[in-house]
Amino acid sequence: MAKCPICDAEAAPRSVNPSFPFCTTRCKTIDLGKWMNEEYRIPVPDSELDEDDDAGASDGSSDAASKTPKDMRH
Ligand SMILES: [Zn+2]
């Protein structure tokens, strides 16, 4: 029986476990996230994160111009 490299739980065989060699999809995702973190670890120069919290106010003005062409021919 294979063991999940993430939580060390028993992982079901590949035939019945799409997340093999992990026990669950969750553990698979965790492992993936680890890799992503490694890859995305880029050296960031001294930069300031300026978060602009701008709440956009939507104006509820609807100009409904419905056109109904009355062109009925016999
Ligand atoms: Zn697991």
Asker: If you measure from SG on Cys4 to CG on Asn17, what distance do you get to the nearest 0.5 Å?
Answerer: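 Atom-to-atom, Cys4:SG and Asn17:CG are 9.0 Å apart.
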Asker: Could you give the side-chain donor-acceptor pairs of residues 6-13 under 3.5 Å, partners two or more places apart or in another chain?
Answerer:
none

Asker: Which residues satisfy the side-chain hydrogen bond (donor to acceptor under 3.5 Å, both in side chains) test with Thr25, sequence neighbours excluded?
Answerer: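 Thr25 satisfies side-chain hydrogen bond (donor to acceptor under 3.5 Å, both in side chains) with Ser19 only.
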Asker: I need the minimum non-hydrogen distance between Phe20 and Arg14, along with the two atoms involved.
Answerer: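 Closest pair (atom of Phe20, atom of Arg14, distance): CD1-N, 3.5 Å.
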Asker: Mind checking what makes side-chain hydrogen bond (donor to acceptor under 3.5 Å, both in side chains) contact with Thr24, not counting sequence neighbours?
Answerer: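 So Thr24 forms no side-chain hydrogen bond (donor to acceptor under 3.5 Å, both in side chains) with any residue.
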